[in-house]
Asker: 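The following block contains the structure, expressed as structure tokens.
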Amino acid sequence: MKRAVIILQRKVTMAKEVWRKPTTRRTFSILAAGPMLVQAWNESLETLIRQGVVRADLTADGQSLVATAEVKEAAETVRAAIFSFEFRPGAIALKIEPSLCVSAVGLPRRDALRIGSLTPWNPIRVLINGRANFTSGPIYSVADYYVCLAEGDPPAVFADAKLHDLQADLA
């Protein structure tokens with residue numbers, strides 16, 4: 001039976017002047033990720049051999065998939081987006097990787113965080129933000145990830161995603 005970890009991701013970046021405005025929204029609203037998880041799963045089935053990781057980009061408003069970015073066949077351990085996954089019989093362990101967080105959104109550096117095991121069709125949501133310095137000035141980023149183990153038939157109704165809010169105070 002095929003199985004895959006589906007990662008839906010959306011991200012916005014902005015200059016310091018925009019970030020500091022009181023009217024700027026510095027996070028993402030929750031979205032109904034179920035239909036997009038199923039779409040990414042269905043689009044990856046032909047490419048996927050046994051088990052793997054599927055990454056798909058979302059529009060910033062979270063209304064649709066931009067593209068299925070990557071389908072990677074998985075061995076024991078795979079790193080993708082800000083995560084590492086350990087594929088074991090009957091379970092897939094999910095962990096936040098500090099170096100991947102810095103690559104994705106900048107500083108502050110986070111500690112490694114073991115989130116737990118993924119269960120089929122129960123999404124997990126991770127919000128993260130950061131700041132990176134460039135010669136043109138600081139750039140602020142907010143990223144939103146929905147991670148789900150796809151295996152077997154998807155449910156008719158999805159449970160709400162369990163939230164892990166790793167946003168730092170970037171004042």
Asker: Look at the side chain of R26 and the backbone N and O of W19, then say whether any donor-acceptor pair between them is shorter than 3.5 Å.
Answerer: yes
Asker: Once rounded to the nearest 0.5 Å, what's the spacing between atom OG of S84 and atom CG of L94?
Answerer: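 These two atoms lie 7.5 Å from each other.
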Asker: Is any side-chain heavy atom of N129 closer than 4.5 Å to one of Y140?
Answerer: no
Asker: Passes side chain to side chain contact (heavy atoms under 4.5 Å, CB included), L166 versus L127? Steps please.
Answerer: CA-CA 6 Å; L166 304 179; L127 271 169; over 6 Å; no
Asker: So, E86 and T77: side-chain donor and acceptor under 3.5 Å apart, yes or no?
Answerer: no
Asker: Less than 4.5 Å apart, side chain to side chain, heavy atoms only: is that true for Q39 and L37?
Answerer: no
Asker: Would the distance check show the side chain of T24 and the main-chain N or O of V18 forming a donor-acceptor pair, the cut-off being under 3.5 Å?
Answerer: yes
Asker: Kindly work out whether a path of hydrophobic side-chain contacts (I/L/V/M/F/W/Y, heavy atoms less than 4.5 Å apart) joins L149 to F83.
Answerer: yes
Asker: On a heavy-atom basis, which atom in I128 and which in C101 lie closest, and how many Å separate them?
Answerer: CD1-SG, 3.5 Å
Asker: Just checking D153: does its CG atom have more than 12 heavy atoms from other residues, nucleotides or ligands closer to it than 6.0 angstrom?
Answerer: no
Asker: Measuring only between side-chain heavy atoms, which start at C-beta, is V142 closer than 4.5 Å to Q167?
Answerer: yes
Asker: How close do G152 and M1 get, counting heavy atoms only, and between which atoms?
Answerer: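 It is N-SD, 4.0 Å.
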Asker: Sub-3.5 Å donor-acceptor pair from the side chain of W121 to the main-chain atoms of E151, do we have one?
Answerer: yes
Asker: Would a single hydrophobic cluster contain both V147 and V105, if residues Ile, Leu, Val, Met, Phe, Trp and Tyr are joined by side-chain heavy-atom contacts under 4.5 Å?
Answerer: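 Yes, same cluster.
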Asker: Evaluate whether atom CG of N133 has more than 12 neighbouring non-hydrogen atoms of other residues, nucleotides or ligands under 6.0 angstrom away.
Answerer: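 Count over threshold, so yes.
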Asker: Taking all non-hydrogen atoms of both residues, which atom of S141 and which atom of T13 are closest, and how far apart?
Answerer: OG-CG2, 3.0 Å
Asker: Given I115 and H164, is the side chain to side chain contact (heavy atoms under 4.5 Å, CB included) satisfied, shown in steps?
Answerer: CA-CA 9 Å; I115 291 181; H164 294 272; 3.4 Å; yes
Asker: So which atom in M36 and which in G62 form the shortest heavy-atom distance, rounded to 0.1 Å?
Answerer: CE-O, 3.2 Å
Asker: When you look at R125 and D144, which way does the side chain to side chain contact (heavy atoms under 4.5 Å, CB included) test go after all the steps?
Answerer: CA-CA 7 Å; R125 180 180 183 211; D144 190 17; 2.9 Å; yes
Asker: Strictly distance-based, threshold 3.5 Å: is any side-chain N or O of K2 a donor or acceptor partner for the main-chain N or O of L48?
Answerer: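 Confirmed, K2 side chain pairs with L48 backbone.
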Asker: So F87 and V53, side chain to side chain contact (heavy atoms under 4.5 Å, CB included) or not? Walk me through it.
Answerer: CA-CA 10 Å; F87 285 79; V53 175; 4.1 Å; yes
Asker: Between I6 and F158, is there shared hydrophobic-cluster membership here, with clusters defined by ILVMFWY side-chain heavy atoms closer than 4.5 Å?
Answerer: yes
Asker: With rounding to the nearest 0.5 Å, note down the distance linking CZ in F85 to OG in S117.
Answerer: 12.0 Å
Asker: Say whether, by atom type as modelled, one donor and one acceptor occur between the side chain of D57 and the main chain of V66 under 3.5 angstrom.
Answerer: no
Asker: Within the distance-only criterion (no hydrogens, no angle test), does the side chain of K16 pair as donor or acceptor with the backbone N or O of G137 below 3.5 angstrom?
Answerer: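 Answer holds: no.
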Asker: With a 4.5 Å cut-off on side-chain heavy-atom distances among I, L, V, M, F, W and Y, is there a chain of contacts connecting V12 to L170?
Answerer: yes
Asker: Can you name the nearest heavy-atom pair linking Y146 to A33, along with the distance?
Answerer: CD2-CB, 3.7 Å
Asker: Is it possible for you to say whether W41 and I7 belong to one hydrophobic cluster, with membership spreading through side-chain heavy-atom contacts below 4.5 Å?
Answerer: no
Asker: As an exercise, state the distance from CD1 of I92 to OG1 of T119, rounded to the nearest 0.5 Å.
Answerer: 10.5 Å
Asker: Does either side chain, that of S99 or that of R79, offer a donor lying less than 3.5 Å from an acceptor on the other one?
Answerer: yes
Asker: Is a side-chain donor-acceptor pair under 3.5 Å present for Y145 with R10?
Answerer: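 Checked: R10/Y145 side chains show no N/O donor-acceptor pair below 3.5 Å.
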Asker: Within this structure, what is the CG-OG1 distance for the pair L65 and T59, rounded to the nearest 0.5 Å?
Answerer: 8.5 Å
Asker: Enter the distance from I96:CD1 to R114:CZ here, rounded to the nearest 0.5 Å.
Answerer: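 Nearest 0.5 Å value for the CD1-CZ distance: 11.5 Å.
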Asker: Tell me yes or no: between the side chains of Q63 and D61, is some donor less than 3.5 Å from an acceptor?
Answerer: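 Absent: no donor and acceptor within the cut-off.
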Asker: How far does CG of L118 sit from SG of C148, to the nearest 0.5 angstrom?
Answerer: 7.5 Å
Asker: If you compare all heavy atoms of R110 against all heavy atoms of A168, which two are closest, and at what distance to 0.1 Å?
Answerer: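 Heavy atoms of R110 and A168 come nearest at NH2-N, 3.8 Å.
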